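Here the structure comes first, spelled out in structure tokens, and everything after it is commentary.
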Amino acid sequence: MDAETVFSVTKETLEATPGWNPGAGPIPVSAADAIQIASDFHKRIAPEGRTDSFVFDLAGATLVRSEDDRWYWVVQYRVHFDPLPTPNRVGNGWAGPMPKHSRYPVLMNGELAPHKPISAKLPEAVQPVDAMNHRE
């Protein structure tokens with residue numbers, strides 16, 4: 001994948017989702033449903049649970065409460081190097097920073113939080129520390 005995806009969970013986004021009060025009824029989106037929603041999206045990025053260099057394992061689903069008592073899930077995949085790497089566009093292995101997790105916010109309306117692809121090249125102001133120390 002040539003671009004990363006950034007998710008945005010805003011107050012306005014959450015206000016458009018069903019409210020939920022723990023103990024006052026069933027949760028609008030169960031953990032199992034949130035994991036399935038995130039998994040369907042994740043499979044478009046890594047169809048076999050892996051990319052050229054990485055393997056993804058489901059690490060968990062966390063229920064998050066916003067300031068206005070709106071809730072959403074964050075489904076997380078743990079990322080590690082593929083023990084059986086295949087050649088990729090830069091040869092064998094990976095050239096770049098090692099991602100640690102992929103996180104997908106799932107709203108109580110059963111949808112992923114709004115998201116959009118971002119350029120693989122980050123603006124200089126948000127470059128990883130290593131990139132800032134090794135500028136040419």
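All values derive from a computational prediction rather than experimental measurement. What you see below is based on every heavy atom in this structure, not just the backbone, and it leaves out hydrogens, waters and symmetry mates.
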Find the distance between [atom1] ([X]) and [atom2] ([Y]) and round it off to the nearest 0.5 Å.
| X | Y | atom1 | atom2 | answer |
| --- | --- | --- | --- | --- |
| D69 | W20 | CG | CH2 | 11.0 Å |
| L58 | Y77 | CG | OH | 5.5 Å |
| F41 | E111 | CZ | CD | 13.0 Å |

Applying side-chain contact (heavy atoms from CB on, under 4.5 Å), name anything that partners A59, two or more places apart in sequence or on another chain.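 Partners of A59 by the side-chain contact (heavy atoms from CB on, under 4.5 Å) criterion, ordered by chain and then number, come out as Q76, R78.
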
Let me check something: do L14 and V106 share a hydrophobic cluster, defined by ILVMFWY side-chain heavy atoms less than 4.5 Å apart, either directly or through other members? no

Cluster check V74, V29: I/L/V/M/F/W/Y, side chain < 4.5 angstrom: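 V74 does not cluster with V29.
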
Below 4.5 Å, heavy atoms only, C-beta onward: do [X] and [Y] meet side chain to side chain?
| X | Y | value |
| --- | --- | --- |
| L112 | I37 | yes |
| P22 | W71 | yes |
| L63 | I27 | yes |
| N109 | P18 | yes |

Any side-chain donor near an acceptor of the partner, Y104 and H42, under 3.5 Å: yes

Just checking Y72 against F7, ring centres under 6.0 Å apart?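 That pair fails the under 6.0 Å test.
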
What heavy-atom pair brings S8 and T13 nearest, and what distance separates the two atoms? O-OG1, 4.3 Å

